[in-house]
Amino acid sequence: MAQVQVQPQAPVSGASAVAANGGGVGQFPSTSLYVGDLETNVTDSQLFDLFSQVGHVLFVRVCRDMNTRRSLGYAYVNFGNPMDAMRALDVLNFTPLNNKPIRIMYSNRDPSARKSGTANIFIKNLDKAIDNKALQETFSAFGTILSCKVATDPSGQSKGYGFVQFDREEAAQNAIEGLNGMLLNDKQVYVGPFLRKHERENSFFKTKFNNVFVKNLSNSTTEEDLTRIFGEYGKMTSVVVMREADGKSKCFGFVNFENPDDAALAVQELNGKKFDDKEWFLGRAQKKAEREQELKVRFEQSMKETADKFQGANLYLKNLDDSIGDEKLKELFSVFGTITSYKVMRDPNGISRGSGFVAFSTPEEASRALSG
DNA sequence: TTTGAGCGA
């Protein structure tokens with residue numbers, strides 16, 4: 001058999017560091033805090049003095065640009081025990097240093113939670129008197145908060161909106177249900193999921209449209225049927241059922257309304273209704289390119305999710321002997337741990353490309369295989 | 001009215 005070369009798909013050192021501290025939430029107690037929103041001139045010793053007030057500080061460092069030595073605006077503070085770290089988070093969060101409130105979180109080097117925006121919510125119409133601490137207190141009733149902030153102008157004045165990110169989607173949902181529309185300091189607040197700018201602007205449901213797409217029609221549904229049913233909602237400019245060359249219905253169609261409000265109402269009222277025992281799906285008609293784009297985005301998203309899942313636990317193998325098949329690969333590597341997937345890459349003729357993948361259930365098992 | 005930014009040795 002040819003010599004097998006094994007290399008990690010992602011740096012294994014990074015992956016195991018994540019597993020080791022677990023981000024300070026859940027069952028992994030953490031002693032390492034990330035301190036952000038630092039004013040540029042805040043120093044190590046200022047932080048040391050502040051954090052030493054609540055416990056035994058082992059390590060403090062303001063991170064700086066390698067070349068210019070300018071502060072990057074964040075620091076790490078490590079405590080000797082998790083209780084001190086927890087207390088620091090509780091007591092010192094939002095303490096002003098050089099007149100700017102610091103923001104403390106558990107250190108978590110895995111960026112996926114930060115980037116994904118999961119369990120992240122947006123609050124607006126906040127009374128100006130509600131500061132970071134008040135926001136934190138209000139929302140902590142619903143779960144563990146990873147990060148929380150009231151947006152402020154440079155003078156520190158509240159802009160009347162803010163953000164809370166929870167550790168779990170369920171907590172975020174509960175907070176939205178529990179607080180949206182409630183009075184906080186006599187102002188009715190809006191609480192909803194956080195959306196990035198492009199997500200709001202491109203929001204599928206916000207866009208006005210005239211053309212309605214209907215699918216899951218029965219074979220026998222005709223333009224006349226659609227005209228009769230949709231006619232209830234307003235004046236239409238065209239109605240069509242799409243058909244094969246031989247006239248057989250493709251079971252979907254389009255209804256174009258003169259007035260977008262009528263189109264929206266028709267979708268709202270008729271979506272999910274049953275006709276001839278078929279449950280209709282209605283929506284805004286998308287242009288072909290738009291539809292393809294959406295499918296593409298969805299596909300890329302799911303690719304990314306599987307890539308994240310295998311992060312650190314997936315090994316890329318090359319120089320495999322042609323005689324090694326999927327099962328042999330699994331057999332060879334199962335001595336190092338639990339294999340969750342395995343594959344020898346093959347060309348279209350089924351000939352091994354001499355490379356493949358083995359995924360373990362944990363990054364630790366993968367690194368064992370690397371050194372083994 | 002108002003939808004951030006963010007992780008080392």
Side-chain angles (χ1 to χ4, degrees), chain A residues 10-25 28 30-40 42 44 47 57-66 69-79 85 89 93-94 100-128 130-132 135-136 139 145-167 172 175-176 179-180 184 187-203 205-206 311:
Chain A
V12 164
S13 59
S16 52
V18 170
N21 84 25
V25 289
F28 301 98
S30 178
T31 54
S32 181
L33 298 178
Y34 168 95
V35 185
D37 290 0
L38 294 180
E39 193 273 335
T40 329
V42 169
D44 291 354
L47 289 167
V57 174
L58 297 183
F59 171 92
V60 174
R61 187 175 56 212
V62 173
C63 293
R64 294 177 182 281
D65 181 278
M66 266 217 297
R69 305 304 302 158
R70 279 173 58 94
S71 166
L72 294 174
Y74 65 89
Y76 292 97
V77 176
N78 296 346
F79 282 95
L89 223 169
N93 205 4
F94 311 120
K100 192 173 171 195
I102 63 174
R103 188 161 48 96
I104 312 174
M105 295 182 279
Y106 281 111
S107 168
N108 185 180
R109 294 168 79 174
D110 176 2
S112 56
R114 291 192 291 274
K115 280 195 287 196
S116 72
T118 348
N120 202 9
I121 64 178
F122 171 71
I123 304 106
K124 69 180 177 186
N125 205 27
L126 278 175
D127 187 271
K128 301 274 190 227
I130 294 176
D131 61 2
N132 288 312
L135 192 69
Q136 166 111 18
F139 282 83
I145 292 175
L146 299 185
S147 163
C148 162
K149 184 174 179 170
V150 173
T152 53
D153 65 21
S155 75
Q157 170 78 228
S158 165
K159 286 186 179 172
Y161 62 93
F163 313 89
V164 175
Q165 186 164 16
F166 288 97
D167 64 336
I176 290 170
L179 291 177
N180 185 33
L184 251 45
K187 287 192 78 167
Q188 191 179 27
V189 291
Y190 165 87
V191 183
F194 172 80
L195 298 173
R196 291 186 189 288
K197 199 169 186 188
H198 65 269
E199 291 173 309
R200 260 172 303 131
E201 282 169 357
N202 298 345
S203 171
F205 300 101
K206 227 176 117 174
Q311 183 75 257

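Values reported hereafter were calculated over all heavy atoms of this structure, with side chains retained and with hydrogens, waters and symmetry mates removed. So you know, we letter chains A, B, ... as the sequences are listed, proteins then strands, and number each from 1.
For the pair A:Leu38 CG and B:dG6 C1', the computed distance is 11 Å after rounding to whole Å. The interatomic distance linking A:Arg64 (CZ) with B:dA9 (C1') rounds to 16 Å, in whole Å. Rounded to a whole Å, the CZ atom of A:Phe94 is 17 Å from the P atom of B:dG4. Atom CD1 in A:Ile145 sits about 17 Å away from atom C1' in B:dA5, given to the nearest Å. Per the geometry, CG belonging to A:Asn132 stands 15 Å off P belonging to B:dA5, to the nearest Å. Atom CZ of A:Phe194 is separated from atom C1' of B:dG6 by 12 Å (rounded to the nearest Å). Protein atom CZ of A:Arg196 is 18 Å distant from nucleotide atom P of B:dT2, rounded to whole Å. Rounded to an integer number of Å, the gap from CZ of A:Arg61 to C1' of B:dG8 is 5 Å.
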* After noting the C-alpha distance and the side-chain angles of A:Ser32 and A:Ser30, does the key distance pass the side-chain hydrogen bond (donor to acceptor under 3.5 Å, both in side chains) rule? -> CA-CA 6 Å; A:Ser32 181; A:Ser30 178; 5.1 Å; no
* Stepwise, does the side chain to side chain contact (heavy atoms under 4.5 Å, CB included) test hold for A:Phe163 with A:Phe122? -> CA-CA 5 Å; A:Phe163 313 89; A:Phe122 171 71; 3.7 Å; yes
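With a glycosidic angle no more than 90° from 0, B:dG4 adopts the syn conformation.
A stacked arrangement is assigned to A:Tyr76 and the six-membered base ring of B:dG8, with a centre-to-centre distance below 5.5 Å and an interplanar angle below 30°. Using a 5.5 Å limit on the distance between ring centres and a 30° limit on the angle between planes, the aromatic ring of A:Tyr34 does not count as stacked on the six-membered base ring of B:dG6. Taking a centre distance below 5.5 Å and an interplanar angle below 30 degrees as the stacking criterion, A:Tyr161 does not stack against the six-membered base ring of B:dT2.
With B:dC7, B:dG4, B:dT3 as the candidates, the nucleotide lying closest to the side chain of A:Met105 is B:dC7. If you check B:dT3, B:dG8, B:dA5 against the side chain of A:Tyr74, the one that comes closest is B:dG8.
Looking at heavy-atom distances under 4.0 Å, A:Asn78 makes contact with a base. Across all strands, A:Asp37 comes closer than 4.0 Å to no nucleic acid atom at all (heavy-atom distances).
The only member of A:Asn132, A:Val42, A:Leu38 that meets side-chain contact (heavy atoms from CB on, under 4.5 Å) when paired with A:Ile102 is A:Leu38.
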Would you give me the side-chain donor-acceptor pairs under 3.5 Å for residues 58-65 of chain A, sequence neighbours excluded?
| residue | atom | partner | partner atom | Å |
| --- | --- | --- | --- | --- |
| A:Arg64 | NH1 | A:Arg69 | O | 3.1 |
| A:Asp65 | OD1 | A:Asn67 | N | 2.8 |
| A:Asp65 | OD1 | A:Thr68 | N | 2.9 |
| A:Asp65 | OD1 | A:Thr68 | OG1 | 3.3 |

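A donor N or O paired with an acceptor N or O is found under 3.5 Å between the base of B:dA9 and the side-chain atoms of A:Arg109.
In terms of position along DNA chain B, the nucleotide closest to A:Lys128 lies nearer the 5' end than the nucleotide closest to the other residue of the pair A:Lys128 and A:Lys149.
Looking at every heavy atom in both residues, A:Ile145 comes nearest to A:Cys148 through CG2-CB, 3.8 Å.
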